[in-house]
Amino acid sequence: MSSWRDTTCGALTAADVGKTVTLAGWADTRRDHGGLVFVDLRDFSGKVQLVLNPEHAPAAAELAREIRNEFVLQATGEVVQRAPDAVNPNLSTGEIEVQVQELRILSRSTPLPFQLGDEVDENLRLKYRWLDMRTERMQRNLRLNHTVIQSIRRTMDRLGFIDVWTPSMTRGTPEGARDFLTPVRLQPGTFYALAQSPQIFKQLCMIGGLDRYYQIATCWRDEDLRADRQFEFRQLDLEMSFVDRQDVLDVLEACVVDAFDAAGRTPPARPFPHLTYADALRRYGTDKPDLRFGLEIEDATEVTRGSQFGVFAAADVVRFIAAPRAFSRAELGRLEEVAREWGAKGLAYLVNDGGEVRSPIAKFLSEQELAALTPQPGHTALFAAADESTVSRVLGGLRLHIARELDLMETGEEIFHWVVDFPLFERDEDSGGWTFMHHAFTAAVAGDEEKIESDPGAVLGQHYDLIWNGWELGSGSLRIHDAEVQQSVFRAMGIPEEEQRSKFGYLLDALAMGAPPHGGFAMGIDRFIARMAGEPDIRQVIAFPKVASGADPLTGGPTPMPESVLKELGIRSIVDAPSA
Ligand code: ASP
């Protein structure tokens, strides 16, 4: 292998008994037993027990007394069978040990800020990420990362995609987030944006005749950091020419299934089911429903139209979920709080305590209403009555909360599905005007183009999302390939002609010079791998992530910059820089 080692720690088995080997790695633990010293030597592949016996190798045994955790060692010795009562069934190398003849300390370690594998604050783990990386968890996650990415590359190659590098520094591609900016010294006062995605570039690749583009693309978005969000993250970004929706979905399904295979896991069955956006909202209260459990939202609008219970009678929409538990008063109080957090004014309920209905509103309900709405014995119906979007939000939130509380989520199933038929536009909460639901380049479904400007709210887009157990893995769409239609979308969004030209002139020109019909997708790789790894957030599968405040505990970034540097870039800071 090399002069440092001729095999790795985890590779040794009983078949190696009798061989003399040289190993190198970290001292995981050291135990002194009278004269004998035992060291678990660890490298990326696993651990093996070294035995240092003063009778066989006095110099090595003497040196071994200096070993502390995480010293880097090189040891040469004979692989021997362990005594039957010393076999460690928890270790792949547990049947053997190495009787060391020669030992070298290659590198020492200061006392550690934490013991590897101990539950410690994440800031501390990230500050000392090089230590954290030595843990089994991080080794497993980063290796899984590699396995998945290699598998994706193989799939994309097999399907005829070519990897094209697109710029990070660009003129802003609108994905609905804030841009990170890069000042350009050579043109003082000007900035590039760091690409929120390669969206326009990949469309230009199609117009350029590349036919099938992909990239494991880094994207930058200035958004609040969360479990599934970092300032910079990676997407499997792809674009295809002359395709229908199903062609794009097939590529993603192949990538997912192949990645599961590569990771040694049972892949989800294809084709992944489809759910329309309207159905997703009505039945699950969200456009990224977790389909591992039922708890579907049911409608009570019709039956409550003339209700004596004024809240029901007056609401646009009355819907409910029937949870499989007769909740206590205290539990209902907590559920009401959850409902309020999601925007409800209160929480009406009907509890069926095995025949007895418990509810403050029962006395207002007619027999017909009670017959329709009383849940099965041992269940509780929880109602939301308001405008449609509030009702969806509240019941969608309650549904997830209840599934978590009642342990309905972790069924062991992996459910991938598509959400399709999104509206092209939605109302912008700030301006009240129309804005895109996906991005400005998504095509309307055939026949809806005429309504783009006359009735934007009624236009369906050719946009689709991929969901895994309630996590949105990514989005894509068939794109507009006609400059005129693209301009009508800009107009519907209230972007004046001048701004269209100044911001997107190059795209409009390209669309006007022979653009093939095309479509694509981007899947969040970090999200996908985090889920694969069973991790709760993407930081656990990213080598060097940032924390929620946007800081990087490892390097201490971000930092203020000296005046001289700012001046050269033509920048004056209007905030007092924090002291370095
Ligand atoms: N550019 C889009 C995104 O980053 C994905 C796509 O439409 O292909 O979400």
Side-chain angles (χ1 to χ4, degrees), residues 152 156 159 161 163-168 170-180 193-207 210-223 228-241 243-253 255-256 277 287-288 418-426 435-445 460-468 471-481 486 489 504 507 511 515-528 538:
I152 287 175
M156 297 308 279
L159 299 177
F161 286 79
D163 184 344
V164 181
W165 185 46
T166 56
S168 311
T170 168
R171 188 188 163 133
T173 41
E175 293 284 355
R178 285 194 190 84
D179 286 326
F180 279 103
L194 296 183
Q196 290 187 29
S197 84
Q199 182 60 39
I200 295 182
F201 292 111
K202 64 177 175 176
Q203 292 190 237
L204 296 179
C205 287
M206 296 304 100
I207 299 171
L210 293 186
D211 204 71
R212 270 162 173 63
Y213 142 96
Y214 93 104
Q215 192 179 180
I216 307 287
T218 301
C219 305
W220 290 266
R221 296 186 193 176
D222 183 0
E223 295 177 305
D228 58 358
R229 273 203 191 142
Q230 283 276 306
F231 287 157
E232 43 188 330
F233 59 94
R234 293 164 306 161
Q235 289 184 339
L236 161 60
D237 195 49
L238 63 94
E239 198 71 15
M240 311 164 74
S241 291
V243 286
D244 298 321
R245 177 174 80 191
Q246 195 55 42
D247 298 310
V248 182
L249 306 191
D250 281 345
V251 172
L252 271 300
E253 292 188 8
C255 283
V256 167
Y277 171 82
D287 59 3
K288 43 174 185 294
W418 297 105
V419 176
V420 300
D421 295 346
F422 282 76
L424 191 62
F425 298 105
E426 63 182 341
T435 184
F436 49 78
M437 188 95 186
H438 179 216
H439 51 51
F441 317 110
T442 297
V445 301
L460 276 189
Q462 306 230 44
H463 158 194
Y464 30 80
D465 276 2
L466 176 59
I467 315 295
W468 178 6
W471 270 38
E472 186 197 315
L473 282 183
S475 304
S477 58
L478 299 185
R479 324 295 187 188
I480 298 165
H481 67 279
Q486 185 64 70
V489 165
F504 302 110
L507 174 67
L511 287 173
H518 60 286
F521 200 83
M523 177 170 88
I525 301 241
D526 311 295
R527 286 183 188 182
F528 182 58
I538 61 175

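Predicted model only: the values in this text are computed from it and were never measured. Order of appearance sets the numbers: ligands from 1, and atoms from 1 within every ligand.
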When rounded to the nearest 0.5 Å, the distance separating CD of Gln486 from NE2 of His481 is 12.0 Å

Looking at Ala522, which atoms of ligand 1 are within less than 4.0 Å of one of its heavy atoms?
5 (C), 8 (O)

I need the contact type for Phe521 against ligand 1. Using non-hydrogen atoms and a strict under-4.0 Å cut-off, is it side chain, backbone, both or neither?
backbone

Among Gln196, Gln203, Lys202, which one puts a heavy atom closest to atom 8 (O) of ligand 1?
Lys202

Within 4.0 Å of some non-hydrogen atom of His438, the atoms of ligand 1 are 7 (O)

Ligand 1 atoms in contact with Gln235 (distance to a heavy atom under 4.0 Å):
3 (C), 4 (O)

Proximity to ligand 1 by part of Ser197, non-hydrogen separation under 4.0 Å:
side chain

Restricting to non-hydrogen atoms, name the atom on Gly519 and the atom on Val243 that form the minimum distance, rounded to 0.1 Å.
N-CG2, 4.2 Å

Measure the distances from the heavy atoms of His463 to every atom of ligand 1 and state whether one is below 4.0 angstrom.
no

Considering only heavy atoms, does Glu472 approach ligand 1 within less than 4.0 Å through its side chain, its backbone, both, or neither?
neither

Non-hydrogen atom of Glu239 closer than 4.0 Å to ligand 1:
no

Is the Trp165-Tyr214 ring centre distance short of 6.0 angstrom?
no

Considering non-hydrogen atoms of the protein only, which is the closest contact for atom 3 (C) of ligand 1, and what is the distance?
Glu175 OE1, 3.4 Å

May I ask whether Arg221 has any heavy atom positioned less than 4.0 angstrom from an atom of ligand 1?
yes

dist Arg527:CZ -> Trp471:CH2 (nearest 0.5 Å) comes out at 7.5 Å

Atoms in ligand 1 flagged as close to Gln199, the criterion being non-hydrogen separation under 4.0 Å:
1 (N), 2 (C), 5 (C), 6 (C), 7 (O), 8 (O)

Distance-only donor-acceptor check, side chains Asp465 and Tyr277, under 3.5 Å
no

For the pair Ser197 (side chain) and Gln199 (backbone), establish whether a donor and an acceptor sit closer than 3.5 Å, ignoring hydrogens and angles.
yes

Distance, nearest 0.5 Å, that separates CG of Asp250 from CE of Met240:
8.0 Å

Please report the C-alpha distance between Phe436 and His438 in whole Å, then the side-chain angles of each, then the deciding distance to 0.1 Å, and finally whether the ring pair (Phe, Tyr, Trp, His ring centres under 6.0 Å) criterion is met.
CA-CA 6 Å; Phe436 49 78; His438 179 216; 8.3 Å; no

Quick look: Arg479 vs ligand 1, heavy-atom contacts under 4.0 Å, and the answer is side chain

Distance-only donor-acceptor check, side chains Gln230 and Trp220, under 3.5 Å:
no

